[in-house]
Structures are given as structure tokens and as C-alpha cells.
J.: 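So that we are looking at the same thing, I have put the structure below in C-alpha cells.
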Amino acid sequence: VGRMQRAAAAVLAVLCGAGAFGPVAKSVPRSVSRWATVDPPSERVVSQWSPQSWRQFEIHQAIEYPDEAELESVERQLSQCAPLVFAGEVRTLQEQLAKATLGDGFVLMGGDCAESFEEFSVNNVRDTFRVILQMALTMTYGGGQPIVKIGRMAGQFAKPRSSTTETIDGVTLPAYRGDNVNGEAFTPEARTPDPKRMLEAYHQCAQTLNILRAFAVGGYADISRLHAWNLDFMERTTEGSMYRSLAWKIDESLRFMRAIGIDTTIPALAQTNFYTAHECLLLNYEQAMTRQDSTTGRWYDCSAHLLWVGERTRQPGCAHFEFVRGISNPLGVKISDKATPDDVLEILETLNPQNTPGRITLVTRMGADKIREALPPIMRAVRDSGRPALWVSDPVHGNTYKTESGYKTRNYDAIREELTGFFDVCAQLGCHAGGVHLEMTGQDVTECVGGDVGEVTVDDLNQRYVTHCDPRLNGRQALSLAFEMAELMRERQGLPRMSADNLTPLP
């Protein structure tokens, strides 16, 4: 009975406003007011900014298109296309991020390293979506916090490169920059940047968002279907079994709630909010997708709900930074061990001069061996400055290496260690560990080594290594990491481990 009551309490938390599986309140908590100094939206002016003002600045990771007239034609066509996301959705996300900044929420951002035209399918979109649902449910139950679900989907095509060219067998061609720029095949034709690929990417994004919206509100995300979220290849795994054990506990709670007269078909339990994000890299595309909101007069990049700038493009005074400072979307900024406290404070001052909670998410990517040394001075400086920022860990990018056989991979243990270090630093400095950013997939791939049970070895990498860019966690590894994060969240709250609550694998 005690376990049923605890599980019921977790589900009731959703009903009472946790919002992990349904719409959240449309207002920001009153405690936000200690930071917010925002003018009414219609009066907000970004000094000397326009959607095209980035063109006057130095640009990193620029794409050199051979036909300027064709590029301009594509940009005009995109500017006349329907927005992929809408200003109201973006504002709702920022409200949820504002709550998370204040300690009420946790961001789960995950998806492909780089989307591709060839691998696009309804099944692939569905499988990543359902793993994210499983992870969110696990962390909601374990950590007792609302989970803000954001997919690296419907726009995550372009990739930064350390070199603009690639040489194979003495032949040098432009580097592959993502399917919305050029092709992966090592031929002059494929590697020549083609602006028409931006149109193809737009149409694939529109399809992806249609699929995600249908799954999010059309019944697939109904919490009563939580058993159906298990992927086929995970059915007989330890992670899948632990998820089924958790699902049965929540199922018991739902039956109990129905028995005492609570309606479990309400939208908060039958639907979910799901948002999209990608790196703001291809500025020709981002400008073309920027629209002025008719109700507020503010500018929004309608290619995604959240945009982030990476380590290679976050420099103040350069083109990418200039573009994102003027859009009203919530923004992510990647922060590596190379960043200094002054760097980060300048970013916050420039991108969020009005100290609006939910505006800036700082995504740390430092490596398991550097996180405990590099993060504290930065986090301490931000905390002491009083500037609001949501702290999110990207524990994958800083732990990439190449095997002797030439495969780029990541070790699950290193990913877990960086995530643990992130939680520890946040606890030591009194800051809220606000989220995680993962490159992951719902497919049964063998790209990252390790895992607690049924681990992928270096010798297994060639079995199902299909990524178009960097290695991704598979569904088992991602769900296992969700259980790890749930335990970390419980530890910070002084709660017993989930395993102590008899959350054991089912046969």
C-alpha cells in the first residue's frame, strides 16, 4: 500500500501542475520577479538589430555557395513558407524554462547528432520520441520534478567542422557539412554546397513536426499507454524490464486514482508538450525562417522552439551571436572547459540584458576528467552575478575519442561520470542541476561503448554503426542513463534509492 501511495503521489504531482505529461500553467512563478525587468513585449526593442544584420559581421563556419543567385532564390522561397513553430509555443517553452531556472523542472533534450534525408521515416521519429517519453516518465517518478521534453529533431542537419575540406587518397574536396548543405558521398558533385537542400530540409522538418505533434496530442503519449512505449529490441533487456516494473507501479496508481473518482483521461495525463531545438548554424536558413509576431511585434526564428550556439560560433561580435541576440526564442549556449568566467558573463549580459529567466540555457560540455575543475569557477561567477541561467549538462561531446580501428565513439562510463560531476558541482555551489542534453536515438545502434548490462564493446561497433556524424547512445543506454539521473535527483532530495523501493527487473 505504501508503494502504491508513493506512486500515486508521483502521478498526482502531474495532475497538480508538475506538467511532465501535459500542458503547464501559462504564467511564470511570482518568484521570477526578483530577476525579471522586462518591458511590455510590444515595447521591447533590440538596438540596431534586424534579421539580416548578421551579414555585416565576421562569420565562422560559413558556407561558400557557388551560385549566389540560386541561393537568394531559395532564401526568398523559404521566407514565404509557413513557419514550422509558432510564437505562442515558443513563449510556453520559455515559461517552462523559467520555472526550471528557479529549481522547478528538469530539461531532457535528446535526438540525433545530425538528421539525414536518407534515414528519415515515421518509425525512426516515433522510436526516438518514445524513448524520450520513457526517460521522462522514469525521471518524473524518480526525481519528482516536471520534465521539459525537447527533441534535437526537425532541424538538426548542419554540423560545424574543424576544417572546411577533407582529403582522401590525395583528393581534396569540401567537408561534409550536413544534408541541408551538401552530400556525404566523396564526389565533387555531392560535396558542392547546394542551396536547394535547404528547401528539402524544410519539407522534412514540416513532416517531422507533424508526426511529433500527432504523437504528443493524438493519444500516443497518453500515460495509460506507458507499457506500449517500450521498444521491441528492449523488451527482454534489463533496462526494459526495470521500465516495466516502474510502469506497473504507475499503472497501480492510475487504477487507484480512477477508483476514488479522479478522471485520468484529462489532457494533463493524455497529452504532452514536446518541443524542438537545433544548433543555429546555417544563418541563411535561419534568417529566412524568422518572422515578426503579429501580437507582440517581436521577432522569432520559427525553425525551432529553442536555438543554441556552439563552441565554435558563440563569440560576441560575430555573425551567429549577432543573429541570436535579436530573436525572442529561448537560447542555449555551449560552454566548454576553454570558456572563462568573464566569457560567460559577457554572453549573459549581451544575450539577456533584461535578466529574463528562461531566456538563456548554459549547456556545459567539458569532459569527465575536467568537469569538476573547470565548471566551479564559471558557475560560481554566474551565481554571484545574480544573472539567471538554466544549467544543463551535455555529457557526450567532451568524451568522444577514436578507436584503433578508426571508429569515433564515446564511453558510457565517462558520460555517466561527467553527469555525476555536474550534479556534484551544482550541489556544492547551491545551483539547480537543470537538465541534460544527449545525442541519442531510438534505434538499436552500436555507436557508444559500454553500458551497465549487455554493454557494447569496441569489437561490436561495426555491427550497427550508422550515424552520419557523431556516435549516439542507443535506446538501452539512454534509458539506463535516465535511471541514473533519477537516482541523482533523488539523492539531492534526500530520498532513498529507487532500488530500495523494490524497483527491480521483472522476469
J.: Give a yes or no answer on whether the side chain of Arg383 reaches the backbone of Leu429 with a donor-acceptor pair at less than 3.5 Å.
T.: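 Pair found, side chain donor or acceptor close to backbone of Leu429.
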J.: With distance as the sole test, does Glu418 use its side chain to make a donor-acceptor pair with the main-chain N or O of Ile415 at under 3.5 Å?
T.: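 No; zero donor-acceptor contacts below 3.5 Å.
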J.: Output all residues satisfying salt bridge (Lys or Arg N to Asp or Glu O under 4.0 Å) with Asp112, sequence neighbours left out; order by chain, then residue number.
T.: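 Only Arg472 meet the salt bridge (Lys or Arg N to Asp or Glu O under 4.0 Å) criterion with Asp112.
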J.: My understanding is that only residues two or more places apart in sequence, or in another chain, count here; which of them pass salt bridge (Lys or Arg N to Asp or Glu O under 4.0 Å) with Asp369?
T.: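 Checked Asp369 against salt bridge (Lys or Arg N to Asp or Glu O under 4.0 Å); zero matches.
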J.: So, using side-chain hydrogen bond (donor to acceptor under 3.5 Å, both in side chains) as the criterion, who are the partners of Arg152 when residues are at least two apart?
T.: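 Partners of Arg152 by the side-chain hydrogen bond (donor to acceptor under 3.5 Å, both in side chains) criterion, ordered by chain and then number, come out as His437, Glu439.
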J.: Taking Arg410 for its side chain and Asn399 for its backbone only, find out whether a donor-acceptor pair lies under 3.5 Å.
T.: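 Answer holds: no.
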J.: To check you understand the geometry: which heavy-atom pair defines the closest contact between Cys280 and Val324, and what is its length?
T.: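 Closest pair (atom of Cys280, atom of Val324, distance): SG-CG1, 3.8 Å.
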J.: For His320, which residues count as a ring pair (Phe, Tyr, Trp, His ring centres under 6.0 Å) partner, sequence neighbours excluded?
T.: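 Ring pair (Phe, Tyr, Trp, His ring centres under 6.0 Å) check on His320 returns nothing, list empty.
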J.: Of all residues at least two apart in sequence or in a different chain, which pass the ring pair (Phe, Tyr, Trp, His ring centres under 6.0 Å) check with Phe274?
T.: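 Scan of Phe274 (ring pair (Phe, Tyr, Trp, His ring centres under 6.0 Å), adjacent residues dropped) gives Phe129.
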J.: Under 3.5 Å, is there a donor-acceptor pair between the side chain of Asn474 and the main chain of Val445?
T.: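 Yes, the answer is positive, given that a donor and an acceptor are paired below the 3.5 Å cut-off.
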J.: Which distance, rounded to the nearest 0.5 Å, do you find between the CG of Asp179 and the CD of Gln156?
T.: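 If I round to the nearest 0.5 Å, the distance is 12.0 Å.
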J.: What distance separates Met440 CE from Leu473 CG, expressed to the nearest 0.5 Å?
T.: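 Result: 7.5 Å between the selected atoms.
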J.: Run the side-chain contact (heavy atoms from CB on, under 4.5 Å) test on Tyr285 and Ser303 for me, step by step, so that the C-alpha distance in whole Å, both residues' side-chain angles and the decisive distance to 0.1 Å come before the verdict.
T.: CA-CA 9 Å; Tyr285 178 81; Ser303 68; 3.8 Å; yes
J.: Is there side-chain contact between Tyr401 and Thr409, with at least one heavy-atom pair below 4.5 Å?
T.: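 Contact flag for Tyr401/Thr409 side chains = yes.
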J.: In terms of side-chain geometry, is the basic nitrogen of Asp293 or Arg298 positioned less than 4.0 Å from the acidic oxygen of its partner?
T.: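 No, this pair does not count.
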J.: Less than 3.5 Å apart, any donor N or O on the side chain of Asn352 or Arg387 sitting next to an acceptor on the other?
T.: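 There is no such pair (donor and acceptor under 3.5 Å, judged by atom type) between the side chains of Asn352 and Arg387.
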J.: Can you tell me which residue among His305, Glu115, Glu286 is in a side chain to side chain donor-acceptor pair (under 3.5 Å) with His278?
T.: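 Single pass found, and it is Glu286.
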J.: From Trp299 CH2 over to Ser328 OG, what is the distance, rounded to the nearest 0.5 angstrom?
T.: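 If I round to the nearest 0.5 Å, the distance is 10.5 Å.
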J.: By side-chain hydrogen bond (donor to acceptor under 3.5 Å, both in side chains), which residues pair with Asp394, not counting sequence neighbours?
T.: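 side-chain hydrogen bond (donor to acceptor under 3.5 Å, both in side chains) list for Asp394, sorted by chain: Lys334, His397.
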J.: Just do the side-chain contact (heavy atoms from CB on, under 4.5 Å) check on Leu488 and Arg492 with the steps written out, would you?
T.: CA-CA 6 Å; Leu488 289 169; Arg492 293 336 184 250; 3.8 Å; yes
J.: Can any side-chain N or O of Thr128 pair as donor or acceptor with the backbone N or O of Gly442 at less than 3.5 Å?
T.: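 Judged by distance alone, yes, a pair lies under 3.5 Å.
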J.: Got a donor-acceptor contact below 3.5 angstrom from the Asn329 side chain to the Asp301 backbone?
T.: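 Yes; judged by distance alone, with no hydrogens or angles, the pair exists.
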J.: Would you please name every residue forming a side-chain hydrogen bond (donor to acceptor under 3.5 Å, both in side chains) with Asp384, sequence neighbours left out?
T.: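 Counting only residues at least two positions away or on another chain, Asp384 forms no side-chain hydrogen bond (donor to acceptor under 3.5 Å, both in side chains).
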J.: Can you tell whether the side chains of Glu279 and Arg312 come within less than 4.0 Å, N to carboxylate O?
T.: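 The answer is no: the pair does not qualify as a salt bridge.
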J.: When you check the side-chain N and O atoms of Arg490 and Tyr141, is any donor under 3.5 Å from an acceptor?
T.: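 Per modelled atom types, Arg490 and Tyr141 side chains form no pair under 3.5 Å.
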J.: Taking all heavy atoms of Ile132 and all of Gly110, pick out the closest pair and write down the distance.
T.: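 Residues Ile132 and Gly110, closest heavy atoms: CD1-O, 3.7 Å.
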J.: Evaluate Asn180 against Leu282 for side-chain contact (heavy atoms from CB on, under 4.5 Å), listing each step before the verdict.
T.: CA-CA 9 Å; Asn180 63 345; Leu282 189 55; 3.6 Å; yes
J.: Would you give the length of the straight line joining atom CG of Leu133 to atom CG of Leu108, rounded to the nearest 0.5 angstrom?
T.: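 It is 9.5 Å, given to the nearest 0.5 Å.
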J.: Could you walk me through whether Thr272 and Lys149 pass the side chain to side chain donor-acceptor pair (under 3.5 Å) check?
T.: CA-CA 9 Å; Thr272 191; Lys149 297 175 289 299; 2.9 Å; yes
J.: Do you know which two heavy atoms are closest between Val90 and Pro330, and how far apart they sit?
T.: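 Here Val90 and Pro330 meet closest at CG1-CD, 3.4 Å.
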J.: With rounding to the nearest 0.5 angstrom, report the CZ to CG distance, Arg55 to Leu283.
T.: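 Nearest 0.5 Å value for the CZ-CG distance: 8.5 Å.
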J.: Measure from the side-chain N and O atoms of Thr92 to the backbone N and O of Gly88, and report whether any donor-acceptor pair falls under 3.5 Å.
T.: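 Looks like yes, one N/O pair under 3.5 Å.
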J.: Could you tell me whether the side chain of Ser50 and the main chain of Ser53 form a donor-acceptor pair under 3.5 Å?
T.: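 Yes, because the side chain of Ser50 sits within donor-acceptor range (under 3.5 Å) of the backbone of Ser53.
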J.: Would Leu306 and Met109 count as a side-chain contact (heavy atoms from CB on, under 4.5 Å) here? Give the steps.
T.: CA-CA 11 Å; Leu306 180 147; Met109 190 183 308; 4.3 Å; yes
J.: Answer yes or no: is there a side-chain heavy-atom contact under 4.5 Å between Thr364 and Phe422?
T.: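 Counting from C-beta outward, Thr364 and Phe422 do come under 4.5 Å.
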J.: Give the table of side-chain donor-acceptor pairs shorter than 3.5 Å for residues 371-382, with sequence neighbours excluded, one pair per line with atom names and distance.
T.:
residue, atom, partner, partner atom, Å
Arg372, NH1, Asp424, OD2, 2.9
Arg372, NH2, Glu417, OE2, 3.3
Arg372, NH2, Asp424, OD2, 3.1

J.: State the SG-CG distance between Cys448 and Leu438, to the nearest 0.5 angstrom.
T.: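 Answer rounded to 0.5 Å: 10.0 Å.
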J.: Go through the side-chain N and O atoms of Tyr275 and Gln96 and say whether any donor and acceptor fall under 3.5 Å apart.
T.: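 Yes, side-chain donor-acceptor contact under 3.5 Å.
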J.: Do Ser116 and Phe157 come within less than 4.5 Å of each other through their side chains, counting heavy atoms only?
T.: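 Heavy-atom side-chain distance check fails, nothing below 4.5 Å.
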J.: Suppose we screen for ring pair (Phe, Tyr, Trp, His ring centres under 6.0 Å). Which residues come up paired with Trp391, at least two apart in sequence or across chains?
T.: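 Checked Trp391 against ring pair (Phe, Tyr, Trp, His ring centres under 6.0 Å); zero matches.
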J.: Please enumerate all residues that pass side-chain contact (heavy atoms from CB on, under 4.5 Å) together with Glu311, with sequence neighbours excluded.
T.: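 Checked Glu311 against side-chain contact (heavy atoms from CB on, under 4.5 Å); matches are Arg314, Ser336, Lys338.
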J.: Test of understanding: with side-chain hydrogen bond (donor to acceptor under 3.5 Å, both in side chains), list the residues that count as partners of Trp54, not counting sequence neighbours.
T.: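 Per chain and number, Trp54 pairs via side-chain hydrogen bond (donor to acceptor under 3.5 Å, both in side chains) with Gln287.
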J.: Keeping Glu487 on the side-chain end and Phe483 on the backbone end, is there a donor-acceptor pair under 3.5 Å?
T.: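 No, the answer is negative, given that no donor and acceptor are paired below the 3.5 Å cut-off.
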J.: Keeping Thr467 on the side-chain end and Pro471 on the backbone end, is there a donor-acceptor pair under 3.5 Å?
T.: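 Judged by distance alone, no pair lies under 3.5 Å.
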J.: Once salt bridge (Lys or Arg N to Asp or Glu O under 4.0 Å) is applied, do any residues pair with Glu491, and if so which ones, sequence neighbours excluded?
T.: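 Result, salt bridge (Lys or Arg N to Asp or Glu O under 4.0 Å) vs Glu491: none returned.
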J.: Can you see which heavy atom on Thr101 is nearest to which on Pro388, and at what distance?
T.: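 Result for this residue pair: CG2-CB, 4.2 Å.
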J.: Which atom pair, heavy atoms only, marks the closest approach of Cys113 to Cys469?
T.: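 So the two residues come closest at SG-CB, 3.2 Å.
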J.: Are Glu447 and Tyr407 close enough, and set up right, to give a side chain to side chain donor-acceptor pair (under 3.5 Å), and what steps lead you there?
T.: CA-CA 8 Å; Glu447 297 170 1; Tyr407 285 101; over 6 Å; no
J.: Of all heavy-atom pairs between Arg325 and Trp49, which one has the smallest distance, and what is that distance?
T.: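 Scanning both residues completely, I find the closest heavy atoms to be NH2-CB, 3.8 Å.
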J.: Side chains of Gln443 and Asn124, heavy atoms from C-beta outward: is any pair under 4.5 Å?
T.: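 In short, these two side chains touch, coming nearer than 4.5 Å.
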